[in-house]
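Below is one structure, written out as structure tokens; comments come after it.
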Amino acid sequence: MQKITIKELIEYNRKTSDKAKANFAYKLKTRTAKEKKEEDNQEGGGDYWVTSTSCIYNVIKHNSDEFYENKIDELLAKVEATEIKKTKSMHRRNIEILTNFKEFNHQEIRPEEITKFESVQKVHKIYSIDNIPLYLNPNLVFSFEENGKKNVGAIWLIAKLGGFTKPELGMFCEVLYRFLMKNYSEEHQVSEKFCAAVDTFRAQSINYAEMLQSRAPFLIQKTIDELKT
């Protein structure tokens with residue numbers, strides 16, 4: 001079976017009839033690998049949101065808001081430099097995301113002092129549940145010290161037009177926590193507070209600690225069970 005993204009699980013859950021769900025599940029389970037084109041990214045197709053996502057990544061990684069204004073100015077210049085409506089719209093939407101995200105407190109989703117940014121091997125980006133291969137792509141995985149212990153956390157930035165509900169965003173967070181437990185828990189304590197999924201379109205986030213406090217339901221296993229039937 002080809003890897004399935006969390007966005008596709010969410011698309012499955014958004015189907016409003018049993019027939020539509022069954023058809024979508026069948027396509028997911030029977031599709032074959034497509035030849036990867038040069039412009040494709042891991043989620044398939046060019047990344048419409050790469051500019052805003054990369055800027056937010058830099059803000060969080062370097063713990064500095066200074067990246068916003070330069071990137072917004074750069075995008076404004078690109079809007080003026082093109083006559084292509086689709087391209088103008090893309091740049092304007094990325095500007096809107098960055099403008100809204102300036103109010104987001106990124107310090108709430110990362111520790112003040114990070115010891116090391118961890119690399120993620122390609123093989124570890126597939127997390128299987130009941131033989132369903134889920135694809136995840138955390139933007140930042142980091143280790144830090146807390147109370148004399150080695151901890152690990154991660155941040156996953158997800159962009160989608162219209163954004164996600166909190167329960168949907170929680171699906172990314174749940175898989176991210178499982179990924180950390182599987183690959184880092186032998187040498188680190190996995191941080192519930194700093195395991196966070198971020199919806200860049202709506203400038204909102206959820207961490208695993210919030211999920212444990214019933215801020216969002218755990219939907220991954222339920223969705224996988226439905227998908228398999």
Side-chain angles (χ1 to χ4, degrees), residues 6-7 41-43 47-76 90-120 125 136-147 149-180 184 188-213 215-216:
I6 309 305
K7 285 182 179 179
N41 72 342
Q42 293 113 325
E43 295 272 348
D47 190 350
Y48 190 93
W49 311 103
V50 64
T51 310
S52 56
T53 301
S54 63
C55 179
I56 293 167
Y57 165 89
N58 283 322
V59 167
I60 297 171
K61 181 176 182 179
H62 299 286
N63 199 17
S64 174
D65 293 332
E66 66 181 11
F67 295 93
Y68 288 127
E69 293 304 330
N70 287 340
K71 186 58 63 176
I72 290 172
D73 289 343
E74 177 186 317
L75 287 169
L76 286 170
M90 177 181 69
H91 293 323
R92 284 171 176 156
R93 281 176 171 164
N94 276 277
I95 290 170
E96 183 178 354
I97 281 180
L98 293 179
T99 301
N100 291 338
F101 220 87
K102 287 166 68 176
E103 304 301 317
F104 180 89
N105 184 5
H106 69 270
Q107 294 178 333
E108 291 184 350
I109 62 172
R110 56 152 286 165
E112 185 175 352
E113 296 292 336
I114 290 176
T115 306
K116 179 184 177 183
F117 290 100
E118 307 284 346
S119 58
V120 180
K125 292 184 178 182
L136 70 160
N137 190 25
N139 298 83
L140 291 167
V141 177
F142 45 82
S143 54
F144 62 100
E145 295 282 339
E146 188 173 70
N147 299 324
K149 296 181 179 180
K150 291 175 64 176
N151 284 254
V152 66
I155 295 169
W156 192 352
L157 305 174
I158 311 105
K160 179 178 175 62
L161 186 63
F164 303 95
T165 65
K166 278 283 187 175
E168 289 172 345
L169 193 58
M171 295 176 71
F172 292 94
C173 187
E174 183 181 351
V175 174
L176 185 59
Y177 186 81
R178 291 187 183 209
F179 155 83
L180 290 177
Y184 297 92
H188 300 80
Q189 181 172 298
V190 176
S191 172
E192 296 170 355
K193 179 180 179 181
F194 295 125
C195 172
V198 182
D199 173 358
T200 62
F201 188 88
R202 293 189 178 182
Q204 65 171 341
S205 68
I206 190 166
N207 62 48
Y208 197 76
E210 290 175 317
M211 294 188 68
L212 292 174
Q213 297 165 5
R215 298 287 184 88

Would you mind telling me which of Y57, F67, Y68 makes a ring-ring contact (aromatic ring centres under 6.0 Å, His included) with H62?
F67
Do H106 and N63 have side-chain heavy atoms sitting under 4.5 Å apart?
yes
Evaluate the criterion side-chain contact (heavy atoms from CB on, under 4.5 Å) for residue pair R202 and L169; output intermediate values, then yes/no.
CA-CA 11 Å; R202 293 189 178 182; L169 193 58; over 6 Å; no
Please confirm whether the backbone N or O of K149 pairs with a side-chain atom of N147, one donor and one acceptor, at under 3.5 Å?
no
Compare every heavy atom of S191 with every heavy atom of C195, then report the nearest pair and how far apart it is.
CB-O, 3.3 Å
Check: F104 and I56 side chains under 4.5 Å, non-hydrogen atoms:
no
Between F201 and N100, does a side-chain contact (heavy atoms from CB on, under 4.5 Å) hold up when you go through it step by step?
CA-CA 8 Å; F201 188 88; N100 291 338; over 6 Å; no
NE2 on H91 to CD on E74, rounded to 0.5 Å:
9.0 Å
Pair N137-K125, side-chain donor/acceptor within less than 3.5 Å:
yes
Within this structure, what is the CD1-CH2 distance for the pair I6 and W156, rounded to the nearest 0.5 Å?
5.0 Å
Are side-chain heavy atoms of I97 and T51 found at a separation under 4.5 Å?
no
Residue pair V141 / L180, side-chain heavy-atom distance below 4.5 Å:
yes
On the 0 to 90° scale, with breaks at 30° and 60°, tag the F164-F172 ring pair as parallel, tilted or perpendicular.
perpendicular
Do Y48 and R93 have side chains that get closer than 4.5 Å, going by heavy atoms?
yes
When every non-hydrogen atom of V50 is compared with those of N94, the smallest separation belongs to N-OD1, 4.5 Å
Quick one: CD1 on I95 to CG on L75, what's the gap to the nearest 0.5 Å?
5.0 Å
More than 12 heavy atoms from other groups under 6.0 Å of NZ on K166
yes
Identify every side-chain donor-acceptor pair in residues 108-119 under 3.5 Å, counting partners at least two apart or on other chains, and give the distances.
residue, atom, partner, partner atom, Å
R110, NH1, I60, O, 2.8
R110, NH1, K61, O, 3.0
R110, NH2, E112, O, 3.1
E118, OE2, S143, OG, 3.1

Identify the two heavy atoms, one from T53 and one from A159, that lie closest to each other, and give their separation to 0.1 Å.
OG1-CB, 4.2 Å
Measure the spacing between CG of L76 and CD of E69 and express it to the nearest 0.5 Å.
9.5 Å
Just by distance, do the side chain of D199 and the backbone of Q204 share a donor-acceptor pair under 3.5 Å?
no
Within this structure, what is the CG-OG1 distance for the pair N139 and T200, rounded to the nearest 0.5 Å?
9.5 Å
Distance-minimising heavy-atom pair for A216 and P167
CB-CA, 4.1 Å
C173 and A197 have their tightest heavy-atom pair at N-CB, 3.8 Å
So I155 and F142, do their side chains get closer than 4.5 Å, heavy atoms only?
yes
Would you say that more than 12 heavy atoms from the other residues, nucleotides or ligands in this model lie under 6.0 Å from the CD of E103, or not?
no
Do E192 and M211 touch side chain to side chain, with heavy atoms closer than 4.5 Å?
no
The salt bridge (Lys or Arg N to Asp or Glu O under 4.0 Å) partners of R178 (sequence neighbours excluded) come to E174
Please report the shortest heavy-atom distance between V120 and P138, naming the atom on each side.
CG2-CG, 4.3 Å
Is there a side-chain contact between K150 and E145 (heavy atoms, below 4.5 Å)?
yes
From L157 CG over to C55 SG, what is the distance, rounded to the nearest 0.5 angstrom?
11.0 Å
